[in-house]
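Chain A is the first sequence line, chain B the second, and so forth, proteins listed ahead of strands; every chain is numbered from 1. Side-chain atoms are counted along with the backbone in the values below, which use heavy atoms only and exclude waters and symmetry mates.
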Amino acid sequence: MDDMPPRAAERLRFDFPQEERRWQRAWDERGCFRVADVPAGDRPKYYVLEMFPYPSGKIHMGHVRNYTLGDVVARYRRARGFNVLHPMGWDAFGLPAENAARQRGIHPARWTRDNIATMRAELQRMGLSLDWSREFATCDPAYYGHQQALFLDLLKAGLVDRRESWVNWDPVDGTVLANEQVVDGRGWLSGAPVERKRLSQWFLRITAYARELLSALDGLGRWPERVRTMQARWIGRSEGARLRFALVAPAAGPQGAIDSVEVYTTRPDTLFGMSFLAISPEHPLAAAVASRDQDAAGFIAECRRLGTSEATIEAAEKRGYDTGLRVRHPFDPSCEFPVWIANFVLMDYGTGAIFGCPAHDQRDLDFARRYDLAVVPVVLPPSADPAAFTIDDVAYDGPGTIFNSDFLDGLEVDAAKSAAIARIVELGVGEGVENWRLRDWGVSRQRYWGCPIPIIHCPACGPVPVPSAELPVRLPDDVTFDRPGNPLDHHPTWKHVACPRCGAPAERETDTFDTFVDSSWYFARFCSPGADVPVDPAAARHWLPVDQYVGGIEHAILHLLYARFFTRAMHATGHLSIDEPFAGLFTQGMVTHESYRTSDGSWLYPDEVERRADGTAVRRGSDEPVAVGRVEKMSKSKRNTVDPGAIIDRYGADTARWFVLSDNPPERDIEWTEAGVAGAFRFTQRLAGLAASIAEVAAPAVAPDPLSDAAMALRRQTHRTIAAMTEALDQFAFNVAVARAYELANAISETTAAAPGDAGLGWARREAVETLARLIAPMVPHLAESMMAVLRPDEGALVAEMSWPEADPALTATLSVTVAVQVLGKLRGTIILPPGAGADAAFAAAEAEPNVARALAGKRIVKRIHVPDRIVNFVVAN
RNA sequence: GCCCGCCUGGCGGAACGGUAGACGCAGCGGACUUAAAAUCCGCGGCCAACGGCGUGGGGGUUCGAGUCCCCCGGCGGGCACCA
């Protein structure tokens, strides 16, 4: 940052510290960005929303990019005549606040509120066109109280379950961990080995909407294909069969005798290739076996210790325990197969039991090889020799013809699936089903800093909803973090209440909601943030769905899927009248930066590094060499971050905004470079200078007639730029819009030396620079205001309130076109023609072009191709 | 392992199947200046240069391919014992 631009105001054409504050105040005083919950008038609505931030401390460059993109859309739509809703709030509950409390003794509420104050000030300095009157934080009782009411409505509607499930339990911290919080089988904070534990949890029944959530993806035309695909796979519909395998001898279990095992399969066509049946260690039959078999119990306990962490599962080899039980094949009861407990069978998917067909499933094959089980091929690949076809270490899962399979012999795979299901139904042992990978959403968290679940547990009545008059159930402030576990659970009085139903002593639910619940409906609350119900129906009807949602791809699945589910659930409970919350979704790329390390391996911030002219890097103010690492996502751990606050101090908000928009398409990763920022800064200064120099020259109020050629040429450039930038902004091609703005600025600069006596040109230059100010206003709003204020000092009109420029079709039409002339597809010259010139004229002009004539000399023209205003191509032969 | 992206000058990137490299960054040359910074003007894919070669590599479709199709390679991302 040695080449820092001058800070002295007198050297700035665009004195950003002063000008940016000036316009932010002006917008605020005029209430430019405020809208009513249910607006009067007939302007069409447009709801622009960026994913609201978690108040972690300061804003980072990812926020700058996210909120700049959204602000461009908001300001552009406003200029296009829409009544734009563009709100901001805080996703304020979460674990980091509790960690701060444990580590630094700051109360989570205080920590969160302080961060919000800091970050709000930073966002306001960016000049975002937000309606701050709608701001809320999810930790406001006024917000989470309505969330509690929503939950009770979902409960009434049958969309909530309470049931036991297996969880990752950290015995030291005394809390449930998400799968992502289990690292190598240990708790990420405590380092203690994670246990599998069954716990009663609240579930939201998202699976009730699995089919709709999948099929409605087709209607989300303004969503990235990638996100839709990821969601579709997450929901994971498959078709197959459920069928029961009868045990040869029933097994005695705690809940009575078990006489069969139900299995889910997508490959009923391979049933004759079966060699074993495998159940999950968490399967009830496994528990039944373990109750009288020490070794089985030991095996199950060992599996449990490994936890559910995906990484652990991946590392684990396939292992099993032969229970000694046997099942009969449903198609041939004389055939019996062993029942194994296998560590690779998941209780949560299908029925928690599979039949193993090693020849045609890789996992089954690995298992069979390890335990020396039979491998019977039943699908013959096309044109393979049945006598010679064998399976070694690779299962065959491709197409083919069934063999070794009794009544299925000779059928292709698909036909065999149907025939097998038909037989399963006929025998009364099962049916064809569709199966979903999506599971119900467990929302209970043993944490303090979250929305309390509004339930009271009564020994007599069971779980009882908190009466709506008693909402919100507020978090107590006087909690302590001096021991592990949930502070709500330790609180001396908070949880002890009377049962609302029978009055007997009862206990509050001490779990709080997963914070993804908070973000699943905030977009609806923004429509009427002061309403005394979760959402005001009229406001929601007016504003929803969100027309353009902007955020990071990292939320492609969870947040966006939960919000889609919540919208449907809120429709079912009468709060909303739509099913899809986000009509358009844009996912932006990450902000990246080079990373730097010293020879002892410690990371350095960009500010601590100095680049030498020879390309090497050293620690600032020393000769200590620094290794320049790869360009990667800005992160605190790699210290390759740039603080937006410092950038705005030094260069201004508009420079930061212009830079994040200008360098590459918004969906791609952007590399933050000091040189790029300096370039953006120069542009803001140059435009301000351009506006000032044009303002100094008196120009006629109306266009002289006729205009000089130079004036007409500039006017045409101006109006072509309007058309081009409009198209670019419509398509989120902000980098292209930036390029078009540069072109117009360059064109205006080039007229400086033109004849001073040309009044028409003076008029055209004013038109050009005023138009440019309005065109760049969505991207650099303060600069645009400053330019306009210089150009029209007496009017006091705000660009923020001006309409979008309109291109005059008479001026965007071209007067002449340059047509490329090819011979055999190779460019040989260009000709200039009037637009719409006919083929004959084009051919004649083309053949007359000297370079083309030379290429055609001595050749016979076989074919002439003419694409009007584009190209002429001669196909020749010798 | 499966799925999805992406690959164009020194760099970021433009380009309805129709003049590849718009625009910017960095660079070079010049003007201004005692000098520097800033600013302004100009140049710029590569090569044996009236021509030829060029959008990761190889094939194909087409009058014409960065763009469409097939194969291969590389980079990035997502999912992952999902039966």
Side-chain angles (χ1 to χ4, degrees), chain A residues 3 5-6 11 13 224-230 232-234 236 238 240 263-267 270 278 280 310-311 313-314 316-318 342-346 348-357 360-364 366-367 435-439 553-554 556-557 589-590 632 658-659 662-665 667-671 673-680 682-683 685-686 689 724 728 733 735-743 745-746 749-750 752-753 818-831 850-851 854 862-867 869-876:
Chain A
D3 48 351
R11 297 195 59 186
R13 308 304 290 266
E225 182 64 40
R226 182 157 84 109
V227 175
R228 288 188 284 163
T229 307
M230 283 163 74
R233 286 173 60 94
W234 188 264
S238 67
V263 150
Y264 172 72
T265 180
T266 58
R267 294 301 301 274
T270 63
S280 165
E310 306 295 353
I313 289 170
E314 192 177 3
E317 54 188 329
K318 288 186 179 47
N343 67 342
F344 68 93
V345 180
L346 306 175
D348 294 340
Y349 185 79
T351 61
I354 62 162
F355 81 83
C357 175
H360 303 293
D361 183 287
Q362 191 61 48
R363 294 157 303 178
D364 296 350
D366 295 344
F367 191 76
N435 191 59
W436 304 86
R437 184 180 174 278
L438 185 68
R439 296 167 208 170
I553 188 74
E554 67 272 19
I557 295 177
M590 301 179 300
E632 52 194 316
W658 188 253
F659 176 71
S662 63
D663 236 30
N664 63 3
E667 66 275 14
R668 283 194 220 171
D669 292 352
I670 188 172
E671 186 189 350
T673 64
E674 208 49 45
V677 181
R682 277 200 299 276
F683 181 72
Q685 296 301 316
R686 183 184 153 207
N735 56 323
V736 178
V738 163
R740 300 291 164 256
Y742 271 109
E743 281 171 353
N746 292 345
S749 296
E750 280 161 21
T752 314
T818 304
V819 173
V821 183
Q822 299 177 337
V823 176
L824 279 175
K826 285 191 189 304
L827 183 71
R828 295 300 171 190
T830 57
I831 52 177
N851 214 34
R854 191 160 44 239
V862 179
K863 191 172 174 186
R864 293 177 168 85
I865 288 138
H866 175 238
V867 180
D869 298 348
R870 285 275 175 196
I871 207 151
V872 170
N873 191 9
F874 295 108
V875 185
V876 298

- B/rG24 phosphate, OP1 or OP2: any side-chain N/O from A/Asn746 under 4.0 angstrom? yes
- Message: Without decimals, in angstroms, what is the distance between A/Gln822 CD and B/rU62 C1'?
- Response: 12 Å
- Compare the minimum distances between each of B/rC79, B/rA22, B/rU19 and the side chain of A/Arg437, then state the nucleotide with the smallest one. B/rC79
- Mind checking A/Asn735 for me? I need base, sugar-phosphate or nothing, with any heavy atom below 4.0 Å counting as a touch. sugar-phosphate
- Between B/rG52 (C1') and A/Leu827 (CG): distance, integer Å: 14 Å
- Task: May I ask you to say what A/Tyr264 touches in the nucleic acid, namely base, sugar-phosphate or nothing, with a heavy-atom cut-off under 4.0 Å?
- Result: base
- Item | A/Arg828 side chain near B/rG64 phosphate (N/O to OP1/OP2, under 4.0 Å) | no
- Message: Between C1' on B/rC63 and CZ on A/Phe874, what's the gap in Å once rounded to a whole number?
- Response: 12 Å
- Query: Which base sits across from B/rG27 as a Watson-Crick or G-U pair, both distances under 3.5 Å?
  - Reply: B/rC43
- Query: Can A/Tyr264 and A/Ser238 be said to form a side-chain hydrogen bond (donor to acceptor under 3.5 Å, both in side chains), step by step?
  - Reply: CA-CA 11 Å; A/Tyr264 172 72; A/Ser238 67; 2.6 Å; yes
- Message: OP1 or OP2 of B/rC25 versus the side-chain N and O atoms of A/Arg682: is any pair under 4.0 Å?
- Response: yes
- Message: Could you tell me the Watson-Crick or G-U partner of B/rC68, where both distances fall under 3.5 Å? Say none if there is no partner.
- Response: B/rG60
- Task: Ignoring hydrogens and angles, answer whether the base of B/rC81 and the side-chain atoms of A/Lys318 contain a donor-acceptor pair closer than 3.5 Å.
- Result: yes
- Exercise: identify the closest heavy-atom pair between A/Asn746 and A/Arg686: OD1-NH2, 2.8 Å
- Atom CG of A/Asp663 and atom P of B/rA26: how far apart are they, to the nearest Å? 11 Å
- Ring-face cation contact, A/Phe367 with A/Lys318, 6.0 Å cut, 45° max: no
- Note on the structure: A/Glu750 CD to B/rG42 C1', in whole Å, measures 12 Å
- Task: Please work out if A/Arg864 contacts a base, only the sugar-phosphate, or nothing of the nucleic acid, heavy-atom cut-off 4.0 Å.
- Result: nothing
- Query: Hey, which of these two, A/Lys863 or A/Ala820, hits RNA chain B nearer its 5' end, going by closest nucleotide?
  - Reply: A/Ala820
- Query: Please give, in whole Å, the distance from B/rG17 C1' to A/Asp869 CG?
  - Reply: 17 Å
- How would you label the contact of A/Val345 with the nucleic acid (heavy atoms, under 4.0 Å): base, sugar-phosphate, or nothing? base
- Given that both distances must come in under 3.5 Å, which nucleotide forms a Watson-Crick or G-U wobble pair with B/rG73? B/rC7
- Task: Go through B/rA14, B/rG51, B/rC79 for me and flag the one nearest to the A/Arg233 side chain.
- Result: B/rC79
- Query: Mind checking who B/rG17 pairs with, Watson-Crick or G-U wobble, both distances under 3.5 Å?
  - Reply: none
- Note on the structure: Of A/Met230 and A/Ala353, the one whose nearest nucleotide on RNA chain B sits closer to the 5' end is A/Met230
- Item | Side-chain donor/acceptor of A/Arg686 to base of B/rC40, under 3.5 Å | no
- Item | Interatomic distance, A/Asp364 atom CG to A/Phe355 atom CZ [nearest 0.5 angstrom] | 8.0 Å
- Complement of B/rC2, any strand, by Watson-Crick or G-U distances under 3.5 angstrom: B/rG78
- Task: Assess whether one donor atom and one acceptor atom, taken from the side chain of A/Arg267 and the base of B/rA83, lie less than 3.5 Å apart.
- Result: no
- Task: Return the value, rounded to whole Å, for the distance between atom CG of A/Asp669 and atom C1' of B/rC11.
- Result: 16 Å
- Message: Heavy atoms only, 4.0 Å cut-off, all strands: where does A/Arg854 land among base, sugar-phosphate and nothing?
- Response: nothing
- Kindly say if A/Arg740 contacts the phosphate of B/rA14, meaning a side-chain N or O under 4.0 Å from OP1 or OP2. no
- Query: Can you tell me the Watson-Crick or wobble partner of B/rG54, both distances under 3.5 angstrom?
  - Reply: none
- Can you tell me the distance, in whole Å, between the NE2 atom of A/His866 and the P atom of B/rC63? 18 Å
- Quick note, A/Leu346 side chain, CB onward, closest among B/rA80, B/rG18, B/rC82 is B/rC82
